[in-house]
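Here is the structure we will look at, set down as structure tokens.
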There are 2 protein chains.
Amino acid sequence: MRNTVARDAILEIINTTDEALSQSDVQAKLPEGLCNRVTIYRVLDRLVDEHLAHKITNIDGVIKYANCQSCTTKHKHNHLHFNCERCNTVTCIEAVEPSFKLPANYEVKNVNFLVSGICPECKGN
Amino acid sequence: MRNTVARDAILEIINTTDEALSQSDVQAKLPEGLCNRVTIYRVLDRLVDEHLAHKITNIDGVIKYANCQSCTTKHKHNHLHFNCERCNTVTCIEAVEPSFKLPANYEVKNVNFLVSGICPECKGN
DNA sequence: TTTTTTAATGCAATAGGGTTGCAGTTGCAA
DNA sequence: TTGCAACTGCAACCCTATTGCATTAAAAAA
């Protein structure tokens with residue numbers, strides 16, 4: 001995995017933003033022309049492979065990425081994500097890990113728990 | 001809400017299929033040329049409004065629809081959905097309602113719990 | 001330092017899900 | 001039977017995301 005300008009800049013953005021970001025969110029935060037839009041998609045996917053970010057599929061189908069807190073060898077993200085309908089942000093609610101128990105013989109590989117509604121900030125306004 | 005040929009046919013499909021279906025899944029099951037692809041999108045949305053179907057956003061961002069079991073006045077679908085990576089189906093696991101508790105001031109309007117992995121059928125083969 | 005290797009990037013084209021505007025059709029109530 | 005509004009078809013469009021291929025540039029090797 002090489003250290004490139006695009007990778008550094010995108011990782012920095014992911015790590016300093018406390019909401020999950022889509023490719024276009026990242027693009028909006030990058031200096032104009034720093035890299036191609038396709039590169040953003042590819043870097044984000046690479047960050048997931050490196051366990052530096054995790055993927056969340058939002059209610060509207062758009063894929064968002066957020067930084068990993070403690071994923072050294074394996075991703076573990078069964079915490080909840082909240083999508084605010086008003087400000088349209090997706091945030092990790094790390095504190096909340098829903099508990100559930102599947103019937104026998106289901107092999108779980110990935111969890112995407114998404115709750116949408118109104119976040120405290122928007123509710124206050 | 002009017003009773004149309006398209007609505008009847010699509011509702012019948014949704015009600016007799018025990019996996020969640022996307023617009024293109026429904027189209028594949030409809031007699032060729034019964035209606036336009038746009039109509040399928042619109043009918044599915046209408047069925048959701050009528051509380052006859054509910055929406056699930058799959059991991060890959062595709063929206064699927066499944067019939068409602070007991071939604072007379074209000075949708076309530078905090079049951080789990082399972083997406084099999086192998087046969088790429090999404091099924092309602094009605095029996096499993098994950099429990100979770102959000103911090104104060106979050107107003108929940110919608111729940112989309114999706115777990116992906118391998119389903120029992122595919123695991124057996 | 002220079003060379004070499006190959007991962008990473010840019011670009012243009014493409015795919016696929018979903019939506020919109022509008023004219024025409026049809027269910028259904030009056 | 002008539003009239004209205006809900007529904008549909010069609011074409012165009014938007015958006016997210018992916019792919020193939022030529023080029024560039026990290027970083028290891030010489």
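Bear in mind that the values here come from a model prediction, so they are computed numbers and not experimental data. Every chain is numbered from 1, with letters handed out A, B, ... down the list of sequences.
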Other cluster members, A/I40 - Ile/Leu/Val/Met/Phe/Trp/Tyr, side-chain contacts below 4.5 Å: A/V5, A/I10, A/L11, A/I13, A/I14, A/L21, A/V26, A/L30, A/L34, A/V43, A/L44, A/L47, A/V48, A/L52, A/I63, A/Y65
Starting at CD of A/Q27 and ending at C1' of D/dT16, how long is that distance when rounded to a whole Å? 12 Å
Side chain of A/R46 (C-beta onward), nearest among C/dG18, D/dT8, C/dA8: C/dA8
Protein-proximity profile, nucleotides 23-30 of chain C, B/S/- by nucleotide at the 4.0 Å heavy-atom cutoff, equals ---BBS--
Of the non-hydrogen atoms in B/Y41 and B/Q23, which two are nearest, and what is the gap between them? OH-OE1, 3.2 Å
Take the protein atom CG of A/N58 and the nucleotide atom C1' of C/dG17, then report the distance between them rounded to whole Å. 16 Å
Residues B/F113 and A/L114: closest non-hydrogen pair is CD2-N, 4.0 Å
Measure the distance from CG on B/N36 to P on D/dT8 and round it to the nearest whole Å. 10 Å
Could you state the atom-to-atom distance from NZ of B/K55 to P of C/dG17 in whole Å? 16 Å
Output the rounded distance in Å from CG (B/L44) to C1' (D/dC7). 15 Å
Whole-Å distance between C/dA8 P and A/D8 CG? 12 Å
Note: for B/R42 and A/Q23 on DNA chain D, the residue whose nearest nucleotide lies more 5' is B/R42
Are the side chains of B/F100 and A/V115 in touch, meaning some heavy atoms are under 4.5 Å apart? yes
Decide whether B/S22 and B/S24 meet the rule of one side-chain donor and one side-chain acceptor closer than 3.5 Å. yes
Salt bridge flag under 4.0 Å for residues A/E12 and A/R7: no
The side chain of B/V38 is closest to which nucleotide in this list: C/dG18, C/dT20, C/dG10? C/dT20
Expressed in angstrom and rounded to an integer, what is the separation of B/Y41 atom OH from C/dT19 atom P? 7 Å
Can you name the nearest heavy-atom pair linking B/D25 to B/K64, along with the distance? OD2-NZ, 3.1 Å
Mind calculating the distance between CD1 (B/I40) and P (C/dT20) to the nearest angstrom? 18 Å
Using a distance-only criterion (donor-acceptor N/O pair, under 3.5 Å, no hydrogens), is the base of C/dG18 paired with the side chain of B/R37? yes
